[in-house]
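Have a look at the structure below, then the notes.
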There are 2 protein chains.
Amino acid sequence: MESSSAASGGSTRREATRQKLYEAAVTLIAEQGFSATTVDEIAERAGVAKGTVYYNFASKSVLFEELLRHGVGLLTASLREAAERTAREGGGKVDALDAMIRAGLVFIDRYPAFTQLYVAELWRTNRAWQSTLMVVRQQAVAVVEGVLRDGVAGGEFSEEIDVSLTASALVGMVLVAALDWKSFQPERSLDDVHAALSRLLQGRVSGCR
Amino acid sequence: MESSSAASGGSTRREATRQKLYEAAVTLIAEQGFSATTVDEIAERAGVAKGTVYYNFASKSVLFEELLRHGVGLLTASLREAAERTAREGGGKVDALDAMIRAGLVFIDRYPAFTQLYVAELWRTNRAWQSTLMVVRQQAVAVVEGVLRDGVAGGEFSEEIDVSLTASALVGMVLVAALDWKSFQPERSLDDVHAALSRLLQGRVSGCR
DNA sequence: GAATTTGAACTGACTGGTCAGTGCAAAAAC
DNA sequence: GTTTTTGCACTGACCAGTCAGTTCAAATTC
């Protein structure tokens with residue numbers, strides 16, 4: 001009979017409160033950082049009693065860790081989807097990279113606070129959720145690396161390229177450009193930003209005389 | 001007879017303790033974040049009493065702000081020097097960009113903790129030192145933008161490029177690649193990393209078939 | 001050149017406040 | 001009638017910032 005649960009993951013009501021808590025936590029932590037954000041603030045912004053936070057999550061750090069997992073899961077899925085879509089449509093690996101750049105921009109456009117918070121935590125050492133972060137980072141970067149590797153194997157990219165470093169650099173390019181976009185020129189359109197990054201990717205800035 | 005001070009900037013002893021405090025603070029804050037790092041920890045690692053911190057800096061945030069200013073000052077000077085050197089040696093703007101990439105890598109190689117901490121704070125809003133951070137960021141990015149602008153004016157780069165976005169993207173490329181290098185593949189050489197990024201800059205990954 | 005003074009630099013115990021996490025009885029939702 | 005949420009008082013640890021007192025090297029005096 002499965003009692004009162006929705007299809008997959010537990011009761012709907014509970015899921016809704018958890019979602020509210022995620023949303024409250026993500027913006028507050030993006031603004032202030034993890035330690036500077038209090039559980040009382042999170043509860044207040046979510047419109048929920050403090051006790052409810054602890055009814056739903058074992059601790060403040062657990063809430064944060066699940067938030068990270070949840071967010072990066074969305075990003076990874078989106079990147080993977082973009083790569084697969086171009087493959088289905090018969091595009092080359094350059095098109096796949098370009099589509100992933102766009103997917104990254106769309107993600108950041110939609111979840112700027114999450115991105116901000118993720119970047120702020122990624123290279124920290126000595127934190128409780130460091131291992132979670134590493135796992136989850138690898139999932140996302142692996143998608144980009146996969147496309148690069150396939151491109152090299154298929155002769156579309158030079159054999160000289162360093163897959164993992166290039167993947168990091170591409171991620172960095174999109175990440176920083178997008179965060180600056182959102183922070184300092186939020187009025188610009190996504191297409192505009194995408195065009196600028198495409199141009200850079202294809203070496204039309206400094207190569208290809 | 002000018003009493004007990006050394007030539008220019010206040011007593012030497014004081015300057016030495018401030019330096020020790022900077023060094024202690026930068027690593028601790030890079031590891032744990034600003035709020036999670038206590039003044040007691042900073043004092044202990046610097047081998048100094050807590051009171052000394054407050055004798056030398058008005059508050060924890062002021063210490064941090066001065067640290068930021070100090071660090072970004074070093075970076076900006078280094079980028080500017082790289083650009084000027086290539087100009088003196090008759091290199092083009094592509095060479096200047098390449099030299100700045102190297103200068104960025106050298107800086108991050110030398111001050112990884114500072115870089116880490118800077119990235120973690122850069123896109124936060126609502127923090128006391130936000131305005132300091134903006135000013136200081138602009139100084140560094142402006143150097144890259146200047147080279148791009150000159151390159152466009154001199155016909156070396158396409159007129160289509162978006163200067164400020166491209167500058168952000170380039171900074172991001174170097175930043176993320178270097179942080180990943182230091183965090184996950186620290187055994188690699190700087191030349192190696194530099195070569196990979198040069199290749200990407202010159203479009204030899206996906207453009208220029 | 002020994003004795004004394006000066007003051008910048010430093011010390012560390014202490015204070016007042018903040019915050020994660022708890023406990024629980026009653027209400028609401030399902 | 002079970003699950004979830006509420007409201008709120010409470011605890012104990014932790015921490016930024018303070019301040020009365022100490023140190024010591026250079027300057028001054030004798």
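Keep in mind that what you see is a predicted model, and the values were worked out from it rather than measured. Residue numbering restarts at 1 for every chain, and letters A, B, ... go by the order of the sequence lines.
Two end axes, each from the C1' atoms of five base pairs, can be drawn for the helix from C/dG1-D/dC30 to C/dC30-D/dG1; they diverge by 20°, to 10 degrees.
With B/Arg188 contributing its side chain and B/Val193 its backbone, the two residues share no donor-acceptor pair below 3.5 Å. Here the side chain of A/Gln130 pairs a donor or acceptor atom with the backbone of A/Arg124 at under 3.5 angstrom. One N or O on the side chain of B/Thr86 and one on the backbone of B/Ala83 form a donor-acceptor pair closer than 3.5 Å. A donor-acceptor contact shorter than 3.5 Å links the side chain of A/Thr27 to the backbone of A/Ala24. Within the 3.5 Å criterion, the main-chain N or O of B/Val163 finds no donor-acceptor partner in the side chain of B/Thr166. B/Arg137 contributes no side-chain N or O that, together with a main-chain N or O of B/Leu122, makes up a donor-acceptor pair within less than 3.5 Å.
B/Lys20 has its NZ atom 8 Å from the P atom of C/dC10, to the nearest Å. For the pair B/Glu15 CD and C/dC10 P, the computed distance is 11 Å after rounding to whole Å. Rounded to an integer number of Å, the gap from A/Arg18 CZ to D/dT3 C1' is 15 Å.
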Atom pairs and distances, side-chain donor-acceptor, residues 103-110 of chain A, under 3.5 Å, sequence neighbours left out:
unit_1   : atom_1 : unit_2   : atom_2 : d
A/Asp109 : OD1    : A/Lys182 : NZ     : 2.5

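For the pair A/Tyr54/A/Val39, a side-chain contact is recorded, criterion being any heavy-atom separation below 4.5 Å from C-beta on.
Applying the salt bridge (charged side-chain N to carboxylate O under 4.0 Å, His left out) definition to pairs two or more places apart or across chains, those involving residues 19-44 of chain A are A/Asp40-A/Lys50.
A salt bridge is defined here as a Lys NZ or Arg NE, NH1 or NH2 lying under 4.0 Å from an Asp or Glu carboxylate O, and A/Glu84 with A/Arg80 fails to meet this definition.
In the region residues 23-30 of chain A, proximity to DNA chain C at under 4.0 angstrom, judged on heavy atoms, holds for none of the residues. Within residues 41-70 of chain B, the residues approached by DNA chain D to less than 4.0 Å at the level of any non-hydrogen atom are B/Lys50, B/Tyr54, B/Ser59, B/Lys60, in residue-number order.
Side-chain nitrogen and oxygen atoms of B/Thr17 include at least one within less than 4.0 Å of the OP1 or OP2 phosphate oxygen of C/dC10.
Here B/Phe64 pairs with B/Phe34, B/Trp129 under the ring-ring contact (aromatic ring centres under 6.0 Å, His included) rule; sequence neighbours left out.
Within the nucleic acid shown, A/Ser35 has no heavy atom closer than 4.0 Å to any nucleic acid atom.
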